[in-house]
Amino acid sequence: MLDIQLLRTNLDTVCERLATRGYVLDTVAFQKLETQRKTLQTRTQDLQANRNSLSKQIGMLKGKGEDATAVMAEVSALKAELDANEIALGDLLREFDAFVATIPNTPQDSVPVGKSAEDNVEIKRWGKPASYDFTVKDHVDLGEALGQLDFATAAKIAGARFSLLKGPLARLHRAIAQFMLDVHTEEHGYTEIYAPYLVNAASMTGTGQLPKFEADLFKILRPDAEPLYLIPTAEVPVTNIVRDEILAAGALPLKFVCHTPCFRSEAGSYGKDTRGMIRQHQFDKVELVQIVAAEKSVEALEELTRHAETILEKLELPYRRVVLCTADMGFSSAKTYDLEVWLPAQNTYREISSCSNFEAFQARRMQARVRNDKNKTELVHTLNGSGLAVGRTLVAIMENNQRADGSIRIPDALRPYMRGAEIITLPR
RNA sequence: GGAGACGUGGCCGAGAGGUCGAAGGCACUCCCCUGCUAAGGGAGCAUUCGGGCACAAACCUGAAUCGAGGGUUCGAAUCCCUCCGUCUCCGCCA
């Protein structure tokens with residue numbers, strides 16, 4: 001959610017910045033709502049003040065045992081207008097909030113202006129894609145030939161867009177997550193979190209999945225209780241740690257790493273990446289979350305993105321970093337870097353991490369604050385990034401490290417997690 | 001799943017229709033006193049939003065908030081309803 005004060009005082013500037021991401025802010029509608037709000041709120045509060053002081057008089061009169069019927073008649077006369085105003089104000093404020101809630105975050109100045117994903121800008125490349133003296137296979141062919149990746153059985157058990165791993169490949173999947181957690185906790189200073197995979201609507205609203213993206217979520221309805229949602233990313237439970245909190249001065253930065261499964265309905269994505277593990281209803285991810293002071297968030301995004309890149313480098317996976325243009329950024333983000341890993345079978349780079357600075361956009365919605373050195377509260381800034389998506393990392397390792405006979409070389413960094421094994425081959 | 005108790009500021013805790021945003025204590029901040037330490041005295045100390053107000057701060061003022069949301073009432077921390085959460089006992093369970 002954007003700062004309403006900023007909208008009131010600098011509407012034109014906000015409007016221009018939003019236009020760079022292709023969002024047209026209806027300033028006429030906003031101004032109209034704002035004018036109505038101001039008159040209605042002032043009037044309502046005047047009436048409430050009047051009622052409060054009269055009611056207080058009644059209390060004082062009755063306390064002294066005197067007659068209060070005249071004052072009671074006076075306050076009764078107010079009631080009809082006050083009730084009408086309170087109802088109208090409530091409706092208007094809800095409408096106002098709903099309107100503001102649909103406005104996306106404003107991009108930072110360093111974000112390239114663009115019209116589509118075509119306009120994203122490559123920042124750097126690391127590593128050199130290997131050349132192969134045989135025809136490369138994709139991870140589906142490799143995994144099925146090894147007898148360790150089974151989409152048919154997953155479909156029988158659950159349905160389309162699920163996968164089943166067996167044996168060494170299942171272990172490699174686990175090893176990847178363990179390795180990432182170890183690097184981030186031991187070398188990058190993150191605190192490991194284990195968090196709920198089901199969360200309430202308030203948490204989903206806090207990080208911005210609700211109300212706009214309900215269709216992408218798996219929802220658990222319960223007859224005698226409020227619904228729960230399966231998390232689409234650990235960002236949701238972890239960032240909500242600070243919801244409705246006022247953190248002590250000096251408590252920041254908070255750096256959390258959390259490995260969870262992620263569940264996405266992705267209703268709009270059918271037909272895209274239907275083959276393989278690239279786009280699934282369930283996948284594992286190691287997520288990095290930082291809660292920082294406002295003036296620190298720009299550098300924190302650089303740091304966090306480096307932490308994710310370090311994993312790719314330790315796994316010897318060629319990648320590039322892309323800064324998303326204004327049109328391609330997520331709703332809540334002020335700036336986003338995507339990391340894309342090289343996939344030889346697709347002969348292209350594919351997203352494996354997305355690192356974003358949300359500034360105060362999520363914090364405002366969550367009321368996540370910190371006490372500054374003047375003992376005043378101010379909103380924190382929130383950031384997160386995948387460090388990395390586990391399933392896609394498995395895909396990248398399989399495809400980049402494949403050998404002519406269909407076996408897969410295990411990167412050095414993962415061998416301690418694989419009882420020292422160097423390759424994955426057909427089980428004997 | 002069954003039965004019961006409870007939810008008040010950073011923390012503890014009083015308040016049980018009226019002058020209550022809320023006694024008292026702890027913690028914290030400032031001041032005074034004091035060789036050091038400890039103790040003592042005084043003052044301050046919730047959040048969000050609106051208006052004064054033209055950017056910000058300060059200040060003044062109003063509203064809302066006692067787990068959340070509704071209701072009753074001129075007036076609700078207090079009474080009623082729903083939900084959320086905590087605790088105790090029983091059952092079940094990794």
Side-chain angles (χ1 to χ4, degrees), chain A residues 1-14 33-97 99-101 194 196-206 210 220-229 237 240-252 294-295 360 363-380:
Chain A
M1 197 163 79
L2 284 179
D3 182 2
I4 292 174
Q5 293 292 354
L6 194 69
L7 285 167
R8 284 180 189 141
T9 54
N10 290 306
L11 187 60
D12 292 339
T13 317
V14 174
L33 282 172
E34 168 61 8
T35 311
Q36 287 177 349
R37 190 223 101 233
K38 193 165 171 172
T39 48
L40 195 51
Q41 184 163 1
T42 311
R43 178 68 186 149
T44 304
Q45 291 191 353
D46 283 348
L47 289 166
Q48 286 170 328
N50 211 338
R51 177 209 54 202
N52 288 349
S53 78
L54 289 174
S55 290
K56 203 168 264 190
Q57 281 181 37
I58 295 171
M60 285 194 282
L61 288 171
K62 289 202 167 178
K64 285 185 266 179
E66 293 174 21
D67 177 42
T69 49
V71 188
M72 286 175 73
E74 193 180 345
V75 75
S76 295
L78 282 176
K79 205 172 154 47
E81 189 187 357
L82 179 58
D83 284 351
N85 271 275
E86 282 181 339
I87 290 164
L89 180 63
D91 290 347
L92 186 68
L93 288 177
R94 267 187 292 279
E95 189 185 345
F96 196 85
D97 284 348
F99 179 83
V100 173
Y194 171 78
Y197 302 158
L198 289 163
V199 301
N200 55 32
S203 292
M204 284 295 184
T205 306
L210 290 179
I220 313 288
L221 293 169
R222 299 183 293 172
D224 296 315
E226 296 192 342
L228 291 172
Y229 298 83
N240 273 282
I241 289 172
V242 296
R243 171 157 56 87
D244 292 324
E245 296 290 333
I246 300 176
L247 303 166
L252 301 181
E295 66 275 11
R364 187 169 296 112
R365 208 184 264 243
M366 289 193 299
Q367 285 300 300
R369 292 152 294 169
V370 65
R371 242 172 239 296
N372 64 20
D373 43 17
K374 287 179 187 161
N375 212 33
K376 300 273 286 182
T377 60
E378 57 182 51
L379 294 167
V380 300

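These numbers come from the heavy atoms of this one structure, side chains and all, not from hydrogens, waters or symmetry mates. Chain letters run A, B, ... following the sequence lines, proteins first and then strands; every chain starts at 1.
Between A:Leu40 and A:Asn85, the closest side-chain pair of non-hydrogen atoms falls below 4.5 Å. When side chains are defined from C-beta on, A:Leu54 does not count as touching A:Ile58, because their heavy atoms never get closer than 4.5 Å.
Note that the CG atom of A:Leu11 and the OG1 atom of A:Thr9 stand 9.0 Å from one another [nearest 0.5 Å]. Atom CD of residue A:Gln36 and atom CD of residue A:Gln41 lie 13.0 Å apart, to the nearest 0.5 angstrom. A distance of 10.5 Å separates OH in A:Tyr229 from CD1 in A:Ile220, rounded to the nearest 0.5 Å. For the atom pair A:Arg369 CZ and A:Ile246 CD1, the distance stands at 4.0 Å (nearest 0.5 Å).
Taking the salt bridge (charged side-chain N to carboxylate O under 4.0 Å, His left out) definition, one finds that A:Asp46 meets it with nothing, sequence neighbours left out. Every residue meeting the side-chain contact (heavy atoms from CB on, under 4.5 Å) condition with A:Asp3, not counting sequence neighbours, appears here in chain and number order: A:Gln5, A:Leu6, A:Arg364. Scanning for side-chain contact (heavy atoms from CB on, under 4.5 Å) contacts around A:Ala368 gives A:Val242, A:Ala363, A:Met366, A:Val380, with sequence neighbours left out. With sequence neighbours excluded, no residue satisfies salt bridge (charged side-chain N to carboxylate O under 4.0 Å, His left out) with A:Glu74. The side-chain contact (heavy atoms from CB on, under 4.5 Å) check on A:Ser76 picks up nothing, with sequence neighbours excluded.
Sorted by first and then second residue, the ring pair (Phe, Tyr, Trp, His ring centres under 6.0 Å) pairs with a member in residues 40-61 of chain A form an empty list; sequence neighbours excluded. Among residues at least two apart or in separate chains, ring pair (Phe, Tyr, Trp, His ring centres under 6.0 Å) pairs with a member in residues 75-96 of chain A are A:Phe30-A:Phe96.
What separates CG of A:Leu6 from C1' of B:A56 is a distance of 13 Å, to the nearest Å. Following rounding to the nearest Å, A:Asn200 (CG) and B:A68 (P) show an atom-to-atom distance of 15 Å. Counting to the nearest Å, the C1' atom of B:A46 and the CZ atom of A:Arg369 are 10 Å from each other. Rounded to an integer number of Å, the gap from CD1 of A:Ile87 to P of B:G70 is 12 Å. Across the protein-nucleic acid pair, A:Asn85 atom CG and B:A64 atom C1' stand 16 Å apart, rounded to whole Å. Protein atom CG of A:Asp244 is 11 Å distant from nucleotide atom C1' of B:A68, rounded to whole Å. Atom pair A:Leu78:CG and B:G75:P shows a separation of 10 Å (rounding to whole Å applied). Atom pair A:Leu61:CG and B:G75:P shows a separation of 17 Å (rounding to whole Å applied).
Side chains of A:Asn52 and A:Ser55: no donor on one and acceptor on the other come within 3.5 Å.
Comparing the same atom, P, in B:G41 and in B:U82 gives a spacing of 50 Å after rounding to whole Å. Rounded to whole Å, the P atom of B:C26 lies 14 Å from the corresponding atom of B:A43. Nucleotides B:C79 and B:U19 have their P atoms positioned 16 Å apart, rounded to a whole Å. If you take atom C1' in B:A77 and the same atom in B:U8, they sit 7 Å apart, rounded to whole Å. Spacing of P atoms, B:G10 relative to B:A5, comes out at 29 Å, to the nearest Å. B:C12 and B:G35: their P atoms are spaced 39 Å apart (whole Å). With P as the reference atom, B:G25 and B:G7 are 23 Å apart, rounded to whole Å. Remark: the separation of the C1' atoms in B:A46 and B:A27 is 15 Å, to the nearest Å.
Taking each heavy atom of A:Ala202 and A:Arg243 in turn, the nearest pair found is CB-NH1, 3.6 Å. Here the closest non-hydrogen pair linking A:Leu82 and A:Thr44 is CD1-O, 4.0 Å. Closest heavy-atom contact between A:Met72 and A:Val75: O-CG1, 3.2 Å.
For the segment residues 43-50 of chain A, residues with any heavy atom less than 4.0 angstrom from an atom of RNA chain B are, sorted by number, A:Gln45, A:Gln48, A:Ala49. Contact check of residues 88-97 of chain A against RNA chain B (heavy atom, cut-off under 4.0 Å) returns no residues at all.
Within the 4.0 Å cut-off from OP1 or OP2 of B:G75, not a single side-chain nitrogen or oxygen of A:Asn52 is found.
For A:Thr42, the side-chain atoms get nearest to B:G51 when compared with the rest of B:C55, B:G51, B:C74. Among B:U47, B:C74, B:G51, the nucleotide with an atom closest to any side-chain atom of A:Thr377 is B:U47.
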Study note, to complete from the structure: Protein-proximity profile, nucleotides 7-19 of chain B, B/S/- by nucleotide at the 4.0 Å heavy-atom cutoff, equals -----------BB
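Residue contacts for A:Glu86: at a heavy-atom cut-off of 4.0 Å it reaches no nucleic acid atom on any strand shown.
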Report each atom pair, protein N/O against N/O of nucleotides 77-87 of chain B, whose distance is under 3.5 angstrom.
| residue | atom | partner | partner atom | Å |
| --- | --- | --- | --- | --- |
| B:C83 | O2' | A:Glu226 | OE2 | 2.9 |

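For RNA chain B, the stems formed by at least three consecutive Watson-Crick or G-U pairs, with both atom-pair distances below 3.5 Å, span B:1-7 with B:84-90, B:10-12 with B:24-26, B:28-32 with B:40-44, B:46-52 with B:59-65, B:67-71 with B:79-83.
A distance-only check finds no donor-acceptor pair linking the side chain of A:Arg37 to the backbone of A:Leu92 [under 3.5 Å].
The nearest heavy atom of RNA chain B to A:Ile4 and to A:Val75 marks one nucleotide each, and the one closer to the 5' end goes with A:Ile4.
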